[in-house]
Amino acid sequence: MPILRSLLLLLVLHSALLVSAKRSKATTSLWQTLSGNAPLVVARGGFSGMFPDSSYGAYSLALMTSLSDVILWCDVQLTKDGAGICFPSLNLANSSSILNFFRNSSVYSVDYTLNDLFNVSLTQGIYSRTNKFDGNMYSILTVEDVVSQFKPPGLWLNIQNDGFFRQHNLSMRSFVLSVSKRVIVNYVSSPEVGFLSSIASRIGTKTKLVFRFLEKDDTEPSTNQTYGSLLSNLTFVKTFASGILVPKAYIWPVNNLYLQSPTSVVSDAHNEGLEVFASDFANDAVLSYNYSYDPVAEYLSFIDNGNFSVDGVLSDFPITPSEAIDCFSHISKNGTGQAPPVVITHNGASGVYPGCTNVAYQQAVKDGADVIDCSVQMTSDGIPICLGSINLIEGTAVAQSPYSNRSARIPELQKTPGIFTFSLTWKEIQALSPAISNPYLDYRLYRYPAHRNQGNLFSLDDFLTFAKTNPLSGVLISVENAAYLAEYQGLSVIDAVFDSLDKSGYNNQTIQKVMIQSTNSSVLKVFKEKTSYELVYQVDETIRDALNSSIEGIKGFAHSVSLTKETIFPENQALFLTGATEIVKKLQSYKISVYVNLFTNEFVSQAWDFFSDPMVEINTFVSSANIDGVVTEFPGTAISYRKNKCLNMGNNRPSYMSPVQPAGLLQVITTPYLPPAEAPNPVLTDADVIEPPLPSLVQKKPTSEAGGPATSPTAAIRAPNGQPRNASSFFLSYFVVLLAFLLF
């Protein structure tokens, strides 16, 4: 155990963890808490979002990554011999290894002495979280253990089941009164009026009593009233408590994951002289759509909304409220911040609206993005449009439209059938409803359903006109599939881009820069010959390094490179960072800027090391890897990061805004829990970079009867009898496509 503890102290997370976290010099008078001081962070079971609840690892990490006055929360359970242990529930089976020792016995603490539990270790009880730290054999801790081992700035004891313990002839009242004489207990909470009333006159003045509200329809056992009815009688609550702890939905109600208007709970409680603490905060829980999967935004709605502030928050991820309180509160809504990185959108603010629509671009501008992007696709009548994919199924509702029968399988573009932009005219595409991207449906994470089909698609001309009339530093135009379009469809996407830029006047202005991005060096070479635009080479595979000669090759046709996140910080199949590459520094030594893609807010898109917090992830890439820009579907989050008060603080930067230490968490995992070793990522070579010139433009193919151009000979879809397919039903159409795919 001492070795594991040393590893935890030395290796976990931050390069600056050995320095105690200190609050930045913020003005406390701005706070609308009852005391006027900044809200408190209460770490539920420590950093229970990562390590087993109430374990040595969880409490250690909470102290390392949180505000200096963080409060450690302990759910107290009593053993048969009256010892108070910190454990998240009455049932020991869900979060410990007790069944390995007492398989056919009770799973409740009251049936075991403290000595019986000596070899029982704590485990992760929420199965959606990583179990890789379960092998660390973290012992069950008593209340006294927590105080003696961690010397916490504050201690909160939660007494959830006093009635249950009384039924087993154990007195939680006696335990709390006794332990409060031996150690400093700052807060005691309970959902039972009778318990708090019984200790109110006996507890020391240093201990605050907090009445915990459960669900509104639940019945409080002492008064036989619902918690909803007790909420309307806070004057009564004030007679035995100095504060209340309520589920966050008491303050900001949510209906179908949409925020409703806030209630008056905070102001009502403050008027009674009661502090208000909000619970149920977890970065890896499904948040209201209004927060766009940004947990910092959620905390700010409780502490910095201009109307009220709770006095504290109870969180499984205390790093996030710490940064929200100290770094992101009371910041002007105007401006976009002065610090790096450059914020480049991916199909506009496509995490909030359907990508490449007018509303997605408007949101990106509102968020403060520096550069908005257009992924250029071509229609059958030669119009360049903005759409994230050449396959209309991936950005529109074409599958539910009259054009569903234009599906084709084109191996040169993708393995599965699709309905491609060059199969429809621009007029036909304009009639389609756009569709919001939901890349994490497997995890039941949806993006703003109310925006699902909002907005209108843009042509490239529309996009450039929009960009010129808004405060942007530039536009990025992505050009892909140029060779295929020229060789098989008779369409020159490069000429179309040139024409649109010329018509829009971008060749005769210097206010906004033009960036051309492609995964094909052959495309960028054409633009280099004819323009002075910034050329961005996108490396679409994850690499670990690049040969000097390949970088020299890139230098010959590009000014910047766009890399995947995993190229900078590789991760294993268990989603832990395994280290850091030197490729950013190497490319920048050649005067090549480095942009990184793709940043999204959904917690499942991030390595465990980033604590399900997009701000922690962005901060690590910027302040540790020193990247030049981020490519993101949520530009508002990146801009918020850039405006935070804890940047540019040098050695005074608090630990919760220091970059994570790559592979730090991995080294705390015991060997049996490590995933299998993986082959290293490849190195970028000359052969990966060098491409033949683009093919010549073929004569435009005739338009098919369905209204779109014929596809390449190998891609034409026919029924089994060899006749052209003309089914009007989408489902019949798709069945024939699938059958043809199997036959061929």
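One is the number of the first residue; the rest follow in order along the sequence.
In this structure, a donor-acceptor pair under 3.5 Å is present between the side chains of Y656 and D326. Counting only N and O atoms by type, the side chains of T564 and T542 include a donor and acceptor under 3.5 Å apart. Side chains of T320 and D613: a donor on one and an acceptor on the other come within 3.5 Å. For the residue pair S473/D370, the side-chain donor-acceptor check at 3.5 Å is not satisfied. Between the side chains of N290 and E298, no donor-acceptor pair is found at a separation under 3.5 Å. There is no side-chain donor-acceptor pair under 3.5 Å between E633 and N347. Checked by atom type, the side-chain pair S562/N597 shows a donor-acceptor distance below 3.5 Å. Looking only at atom types and distance, the side chain of T637 has a donor-acceptor partner in the side chain of N601 under 3.5 Å away. No side-chain donor-acceptor contact under 3.5 Å links T421 and Q377. Between the side chains of Y506 and S500, no donor N or O sits under 3.5 Å from an acceptor N or O. Side-chain contact, Q538 with S518: no donor N or O sits under 3.5 Å from an acceptor N or O. For the residue pair S301 / Y291, a side-chain donor-acceptor distance below 3.5 Å is found, with atom types taken as modelled.
Atom CZ of R452 sits in a sparse spot, with 12 or fewer heavy atoms from other residues, nucleotides or ligands closer than 6.0 Å. The neighbour count for Y443 OH, taken as heavy atoms of other residues, nucleotides or ligands under 6.0 Å away, does not exceed 12.
Residues V616 and M657 fail the side-chain proximity criterion, which asks for heavy atoms closer than 4.5 Å. A heavy-atom distance below 4.5 Å is not found between the side chains of V296 and Y641. By the 4.5 Å heavy-atom criterion applied to side chains, L300 and N305 are not counted as neighbours. Between N619 and M615, every side-chain heavy-atom pair lies at or beyond the 4.5 Å cut-off. Contact of the I554 side chain with the I592 side chain is registered, since non-hydrogen atoms from C-beta on lie closer than 4.5 Å. Looking only at side-chain heavy atoms (C-beta outward), N283 and D316 stay at 4.5 Å or farther from each other.
At distances below 3.5 Å, at least one donor-acceptor pair connects side-chain atoms of T578 with backbone N or O atoms of P570. Listed for the S375 side chain is no donor-acceptor partner under 3.5 Å among the backbone atoms of S478. At distances below 3.5 Å, at least one donor-acceptor pair connects side-chain atoms of Q509 with backbone N or O atoms of I511. Between the side chain of E602 and the backbone N or O of V604, no donor-acceptor pair lies under 3.5 Å. The closest donor-acceptor contact from the side chain of E480 to the backbone of T519 lies under 3.5 Å. Judged by distance alone, with hydrogens and angles left aside, the side-chain atoms of N470 form no donor-acceptor pair with the main-chain N or O of V365 at under 3.5 Å. With hydrogens and angles disregarded, no donor-acceptor distance shorter than 3.5 Å links the side chain of T357 to the backbone of N456. In this structure, the side chain of D462 engages the main chain of S459 through a donor-acceptor pair within 3.5 Å. Judged by distance alone, with hydrogens and angles left aside, the side-chain atoms of D628 form a donor-acceptor pair with the main-chain N or O of V594 at under 3.5 Å. Of the possible donor and acceptor atoms, one in the side chain of S658 sits under 3.5 Å from a partner among the backbone N and O of P654.
For the side-chain contact (heavy atoms from CB on, under 4.5 Å) with V561, the qualifying choice from V596, V539, I583, V584 is V539, the only one to do so. Checking F621, F610, F634 one by one against F599, the ring-ring contact (aromatic ring centres under 6.0 Å, His included) holds for a single residue, F621.
Rounding to the nearest 0.5 angstrom, the gap separating the CG atom in D688 from the CD1 atom in I543 is 8.0 Å. The CD1 atom of I303 lies 6.0 Å from the OG atom of S309; values are rounded to the nearest 0.5 Å. Atoms NE2 and CD, on H451 and Q363 in that order, are 8.0 Å from each other to the nearest 0.5 Å. Note that the CG atom of N572 and the CG atom of L577 stand 8.5 Å from one another [nearest 0.5 Å]. For the atom pair T632 OG1 and I639 CD1, the distance stands at 9.5 Å (nearest 0.5 Å). Atom CD1 of I383 sits about 10.5 Å away from atom CG of L460, to the nearest 0.5 Å.
Here the shortest heavy-atom pairing between I477 and V376 reads CG2-CG2, 3.4 Å. In plain terms, the two heavy atoms of K468 and S504 that are nearest each other are NZ-O, 2.9 Å. S521 and V689 make their closest contact through OG-O, 2.7 Å (heavy atoms, listed as atom of the first residue, atom of the second, distance). The two atoms that bring L67 and S322 nearest to each other are N-OG, 3.0 Å, heavy atoms only. Heavy-atom minimum distance, R642 versus P340: CG-O, 3.6 Å. Listed here is the closest heavy atom pair of P659 and T620: CA-OG1, 3.7 Å.
Geometrically, K132 does not engage F576 in a cation-pi contact, judged by NZ or CZ lying under 6.0 Å from the ring centre and within 45° of the ring axis. Geometrically, K513 does not engage Y533 in a cation-pi contact defined by less than 6.0 Å to the ring centre and at most 45° from the axis. Figure legend: K645 and F328 shown without cation-pi pairing, the cationic atom not lying both under 6.0 angstrom from the six-membered ring centre and within 45 degrees of its axis.
Taking the six-membered ring for Trp, Y537 and F557 have ring centres closer than 6.0 Å. A ring-centre distance under 6.0 Å is not found for Y446 and Y289. Between F47 and F317, the gap from one ring centroid to the other is short of 6.0 Å.
With 2.5 angstrom as the limit on SG-SG distance, C646 and C327 come in below it. For the cysteines C386 and C374, the sulfur (SG) atoms lie within a distance shorter than 2.5 angstrom of each other.
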side-chain contact (heavy atoms from CB on, under 4.5 Å), that's the test. Do L665 and F611 meet it? Break it down for me. CA-CA 11 Å; L665 287 177; F611 306 132; 4.1 Å; yes
Start with the C-alpha distance between S605 and T600, add both sets of side-chain angles, then the distance that settles side chain to side chain donor-acceptor pair (under 3.5 Å), and finish with yes or no. CA-CA 7 Å; S605 71; T600 64; 2.8 Å; yes
Between S315 and Y299, is the side chain to side chain donor-acceptor pair (under 3.5 Å) condition met? List the steps. CA-CA 10 Å; S315 175; Y299 285 110; 2.7 Å; yes
Starting from the C-alpha separation in whole Å, work towards a yes-or-no answer on ring pair (Phe, Tyr, Trp, His ring centres under 6.0 Å) for F498 and F527. CA-CA 9 Å; F498 277 134; F527 280 96; 4.8 Å; yes
Could you give me the CA-CA distance, side-chain angles and deciding distance for N520 and E691, then say whether side chain to side chain donor-acceptor pair (under 3.5 Å) is met? CA-CA 7 Å; N520 300 117; E691 294 178 350; 3.2 Å; yes
Would I372 and F463 count as a side-chain contact (heavy atoms from CB on, under 4.5 Å) if you check the C-alpha gap in whole Å, the side-chain angles of each, and the deciding distance to 0.1 Å? CA-CA 9 Å; I372 60 173; F463 169 81; 3.6 Å; yes
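The pair K565-E617 meets the salt-bridge criterion, since a charged nitrogen lies less than 4.0 angstrom from a carboxylate oxygen.
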